Amino acid sequence: MTQHQHLSGGFADPVHDAQAAFRNVLDALARPGRRFALGRPVAGLALGPAMAHMLLALTDDDTPVWWQRPDAASVGWLRFHTGAPLASAPSEAAFAVLTDSATMPALDFFAAGSMASPEHSATLLLEVISLDNGTAVEWRGPGIQDMQPVRVDGLPGNFWAQWQANHAAFPQGVDIVFTCADEAIGLPRTTRVRRLEGI
């Protein structure tokens, strides 16, 4: 049996499933705070289904990925299916896989792009404990009609203060997609966030 035979599968229907996952990620970032389902679990893989499907849909051999807690199985699985190289530092990543939200690096550790090329910034894929039980915040901005309430659970205590600085740096800054099991919600840098008790 070859090494590749030990790897978990990718999309069951590579073309259709990749298109669907990619479209859902774009919709999540275009409609901040709304939940999108992103596929079924990948057998034998520790990553949640939403995280796994986003990685399959978004990465390729030109998008370095930084893993907060890399495990050989997940890194090898993604490299086999998409060719995504391993970034050695957060600042070098096009995408970051963050699976321990409470101890994640600060947002300014990641590439924020430049004023001339804001697209050269990182997208953070952040697995969280829950999308229901966290501190109540209000999101406003493009793609949101009036206000979107959000309750992401398990974030560092100063996360929303960090987000204020990230938002203020627009057009530079990172974008984030929160995942929990098979669901995802997008937080683009254009979104203003207010904690109900103040930041």
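From a predicted model like this one, the values you see are computed outputs, not experimental measurements.
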Open item on the list: Within this structure, what is the OG-CG distance for the pair Ser91 and Asp108, rounded to the nearest 0.5 Å?
Closed with: 11.0 Å

Task: Distance (rounded to the nearest 0.5 Å) between Leu29 CG and Thr190 OG1 - done: 9.0 Å

TODO: Specify the closest pair of heavy atoms between Pro156 and Ala102, including all atoms of both residues, with the distance to one decimal.
DONE: CG-O, 4.0 Å

Open item on the list: I'd like to know whether CD of Glu119 has more than 12 heavy-atom contacts from other residues, nucleotides or ligands below 6.0 angstrom.
Closed with: yes

Task: Any Trp66 side-chain heavy atom under 4.5 Å of Phe95 side chain - done: no

Task: Shared hydrophobic cluster, Leu47 / Phe36 (ILVMFWY, side-chain heavy atoms < 4.5 Å) - done: no

- [ ] Kindly indicate whether the side chain of Thr82, heavy atoms from C-beta on, has any atom under 4.5 Å from the side chain of Leu55.
- [x] no

Task: Parallel, tilted or perpendicular: rings of Trp139 and Phe178 (30°, 60°) - done: tilted

Task: Nearest-0.5 Å distance, CD of residue Gln148 to CG of residue Leu187 - done: 11.5 Å

Open item on the list: I need the Asn166 CG to Phe110 CZ distance, nearest 0.5 Å.
Closed with: 11.0 Å

- [ ] Evaluate side-chain contact (heavy atoms from CB on, under 4.5 Å) for Asp182 paired with Met51, printing each intermediate quantity in order.
- [x] CA-CA 8 Å; Asp182 66 342; Met51 179 76 78; over 6 Å; no

Open item on the list: Between Arg140 and Asp146, does any NZ, NE, NH1 or NH2 come within less than 4.0 Å of an OD or OE carboxylate oxygen?
Closed with: yes

Task: Single-linkage hydrophobic cluster Val152~Ile129, side-chain heavy atoms < 4.5 angstrom - done: no

Open item on the list: Side chains of Asp175 and Leu124, heavy atoms from C-beta outward: is any pair under 4.5 Å?
Closed with: no

Open item on the list: Checking the side chain of Asn158 only, and the main-chain atoms of Ala161 only, is there a donor and an acceptor separated by less than 3.5 Å?
Closed with: no

Task: Between CD on residue Gln172 and OG on residue Ser121, distance to nearest 0.5 Å - done: 9.0 Å

- [ ] Report yes if some heavy atom in the side chain of Asn133 is under 4.5 Å from a heavy atom in the side chain of Arg151; otherwise report no.
- [x] no

TODO: First locate atom CE of Met147, then atom CZ of Arg194, and finally report the distance between them rounded to the nearest 0.5 Å.
DONE: 8.5 Å

- [ ] Could you tell me which non-hydrogen atom of Val174 sits nearest to which non-hydrogen atom of Ala111, and how far apart they are?
- [x] CG1-O, 3.6 Å

TODO: Give the cluster check for Ile185 versus Trp163: same hydrophobic cluster or not, with ILVMFWY residues linked at side-chain heavy-atom distances below 4.5 Å.
DONE: yes

Task: Working for side-chain contact (heavy atoms from CB on, under 4.5 Å), residues Thr191 and His167 - done: CA-CA 7 Å; Thr191 300; His167 171 71; 5.7 Å; no

Open item on the list: Show, in sequence, the C-alpha distance, side-chain angles and deciding distance for Thr103 and Gln68, and conclude whether the side-chain contact (heavy atoms from CB on, under 4.5 Å) test is met.
Closed with: CA-CA 9 Å; Thr103 63; Gln68 181 185 13; 3.4 Å; yes

Task: Donor-acceptor contact present, side-chain Ser117 to main-chain Ser114, <3.5 Å - done: no

Open item on the list: Can a side-chain donor-acceptor contact be found between Thr179 and Glu183 if the only test is distance below 3.5 angstrom?
Closed with: no

TODO: Kindly give the heavy-atom pair with the smallest separation between Glu127 and Ser101, and that separation in Å.
DONE: O-CB, 3.7 Å

Task: Heavy-atom side-chain proximity of Arg189 to Pro118 below 4.5 angstrom - done: yes

Task: Within-4.5 Å side-chain heavy-atom neighbours: Leu155 and Leu126 - done: yes

Open item on the list: If you define the side chain from C-beta out and look only at heavy atoms, does anything of Val65 sit under 4.5 Å from Leu86?
Closed with: no

Open item on the list: Quick check: do Ile176 and Leu107 have side-chain heavy atoms less than 4.5 Å from each other?
Closed with: yes

TODO: Decide side-chain contact (heavy atoms from CB on, under 4.5 Å) for Thr99 and Trp67; before the verdict, give the C-alpha distance in whole Å, the side-chain angles of both, and the deciding distance to 0.1 Å.
DONE: CA-CA 8 Å; Thr99 52; Trp67 300 73; over 6 Å; no

Task: Residue pair Pro70 / Val75: nearest heavy atoms and the distance that separates them - done: CB-CG2, 4.0 Å

Open item on the list: Between the side chains of Arg35 and Asp132, is the shortest nitrogen-to-carboxylate-oxygen separation below 4.0 Å, so that they form an ion pair?
Closed with: yes

